[in-house]
Amino acid sequence: MQPTQSLAGNAAGDQRNVLRGAIFIMATSSIGPAFLTQTSLFTEKYLASFAFAIVISLLIDIGAQLNIWRVITVANLRGQDVANRVLPGVGHLISAFIVLGGIAFNIGNIAGAGLAINVIFGIPPLVGSLVAAVLIIAIFMLRNAKQVMDGLMQLFGLVMLGMIGYAMLQSNPPLQDALLHSIQPDDPLILLLPIITLVGGTVGGYISFSGGHRLVEAGITGVENVGVVTRAAVTGILTTGVVRICLFLAALGVVSQGLKLDPGNPAASVFGHVMGTVGYKVFGVVLLAAALSSVIGAAYTSVSFMYSLPPGIRQHNQRVVIAFIACSTLIYCLVGQPVKVLVVAGALNALVLPLALGCILWAAKKPAIVGQEYRHPNWMLAFGVLAIVATAVGVGLSFNSLLNFWQA
């Protein structure tokens, strides 16, 4: 093999690794403790009709993700820089929302990691959360931290998919009922809260930009990479969707038998009902993978939104990520994180999406930002506008439902 061929092969291999890392950092960032809690709670409440909410949220997610990933990679700019090009200062506002949201979510993620370690090893949750934080900080202290992060995200994603898929098969869910209700729910209007919550937890806030920022940082940008970016964006959403569908069906199989989920830890009781005592250990592994991957994704992406601030943040990004994780851990140790906050945080996180995606769609038609060669498809633009309208209307209409859920 000629040296040039070897170099080309290595470059192609590196690109594939980064693409897989981007797909899984997006997917696993959304599959955190909140994801497990929301899916289980909503399945118990809405039964088979929750399938409709999953389908609609997936369509909105794809519309948002495709537009965001394509525009920021073609422009070779991070999300906040695109927004600042559209309207100076807006990018900084979005960054502030995302960083604050990232901290809020990471408090829940750290709490989830502590609970997972408690389930697996019997260590007190508070001590477990500190152990998890130290482990993640150790990863970001490595010289090749981003390459290790890419590999871990893929591993965590496969672990969660495998174990949740097994739980689904063991629960014997009513597949025909779920399929029917995915297009004919009992009452579509009452599903507004779960739809907006799922969208907020999947592409709201930092999550929709997580994989895209990884691609920009790795240099997978420009018009020549539009095809691979598009496939990666769709694959990331579909990966999340498959995991959510498997968990939904596992929970549906349990509740359709008349069994009740523990309101304090609904996802754990799904695994417990399906696999007995061993199920709680399996859930502990799933929760640990979900929590650790979400902590890494939230910290990495939130800090990437600070790069447009003083240059020292970008130069010392690993130290800032470590500080971000340490701050979230400290807040959790002092305050704690109840289940309700995980659900409500997902819904409130969707408030960021209309503003951020609106800037992205505006930029998509500005040659000064995306270049003269790029032509953003009109159908994709319409898909993005639909995502904005659906999210904004859903947030408005579900506001009272959100208050009632919080007060219940």
Side-chain angles (χ1 to χ4, degrees), residues 21-22 24-35 78-80 94-114 116 128-157 201-218 236 287-309 312-333 335 337 342 345-346 349 352:
F24 276 96
I25 194 174
M26 177 269 140
T28 56
S29 291
S30 64
I31 307 171
F35 176 102
R78 292 176 178 82
Q80 72 272 25
I94 292 173
S95 295
F97 280 134
I98 285 179
V99 170
L100 290 174
I103 290 176
F105 267 98
N106 247 3
I107 294 169
N109 296 333
I110 289 291
S129 68
L130 293 173
V131 170
V134 169
L135 288 175
I136 297 170
I137 288 172
I139 292 170
F140 280 101
M141 293 180 69
L142 298 174
R143 181 168 297 180
N144 61 336
K146 291 184 176 62
Q147 288 74 24
V148 173
M149 178 183 72
D150 289 339
L152 283 174
M153 289 303 196
Q154 295 173 54
L155 175 62
F156 291 149
T202 306
V203 295
Y206 71 90
I207 298 171
S208 55
F209 292 91
S210 55
H213 280 197
R214 182 72 184 100
L215 296 180
V216 170
E217 186 169 27
L287 181 59
L288 185 60
L292 293 179
S293 59
S294 294
V295 170
I296 292 171
Y300 166 78
T301 311
S302 296
V303 170
S304 73
F305 270 89
M306 301 180 189
Y307 286 177
S308 56
L309 298 175
I313 293 178
R314 185 169 183 175
Q315 294 171 2
H316 304 287
N317 64 89
Q318 288 183 219
R319 295 180 182 177
V320 179
V321 168
I322 290 171
F324 187 93
I325 295 169
C327 177
S328 301
T329 304
L330 179 62
I331 294 174
Y332 163 65
C333 291
V335 177
Q337 182 69 36
L342 289 173
N349 203 38
V352 180

Item checked: Sub-4.5 Å side-chain heavy-atom contact between Ile31 and Phe156 -> no
Notebook entry, point to check: Which pair of heavy atoms, one from Ala27 and one from Gly236, lies closest together, and at what distance?
Noted result: CB-O, 3.8 Å
Note to self: Taking the ring centre of each residue, are His213 and Phe305 less than 6.0 Å apart?
What the structure shows: yes
Check: Between CD1 of Ile110 and CD1 of Ile103, what distance do you get to the nearest 0.5 Å?
Finding: 12.0 Å
Checklist line | Distance (rounded to the nearest 0.5 Å) between Cys333 SG and Leu130 CG | finding: 4.5 Å
Next item on the list: Provide the closest heavy-atom pair for Thr301 versus Phe209 in the form atom of the first, atom of the second, distance.
Entry: CG2-C, 4.1 Å
Notebook entry, point to check: Taking the side chain as C-beta and beyond, is there a heavy-atom pair between Arg214 and Asp150 under 4.5 Å?
Noted result: yes
Margin query: Any heavy-atom pair between the side chains of Gln80 and Tyr307 that's under 4.5 Å?
Written below: yes
Check: Roughly how far, to the nearest 0.5 Å, is CG of Leu135 from CG of Leu288?
Finding: 8.5 Å
Note to self: Quick one, Ile136 and Ile296 - any side-chain contact, counting heavy atoms below 4.5 Å?
What the structure shows: yes
Next item on the list: Please report the shortest heavy-atom distance between Tyr300 and Ser210, naming the atom on each side.
Entry: CE2-O, 4.2 Å
Checklist line | Flag side-chain contact, heavy atom, 4.5 Å: Asn109 against Pro33 | finding: yes
Item checked: Separation of Ile207 CD1 from Ser302 OG (nearest 0.5 Å) -> 9.5 Å
Note to self: If I take atom CG from residue Leu330 and atom CD1 from residue Ile325, how far apart are they, to the nearest 0.5 angstrom?
What the structure shows: 14.0 Å
Checklist line | Backbone N/O of Thr28 and side chain of Ser294: donor-acceptor pair under 3.5 Å | finding: yes
Check: Shortest non-hydrogen contact from Gly112 to Ala291?
Finding: C-CB, 3.8 Å
Notebook entry, point to check: Measuring from Ile137:CD1 to Thr329:OG1, what's the distance to the nearest 0.5 Å?
Noted result: 6.0 Å
Margin query: Looking at every heavy atom in both Ser293 and Ala289, which two are closest together, and how far apart are they?
Written below: OG-O, 2.8 Å
Item checked: Any Met26 side-chain heavy atom under 4.5 Å of Met153 side chain -> no
Notebook entry, point to check: How far apart are the closest heavy atoms of Gln318 and Ala145, and which atoms are they?
Noted result: NE2-CB, 4.0 Å
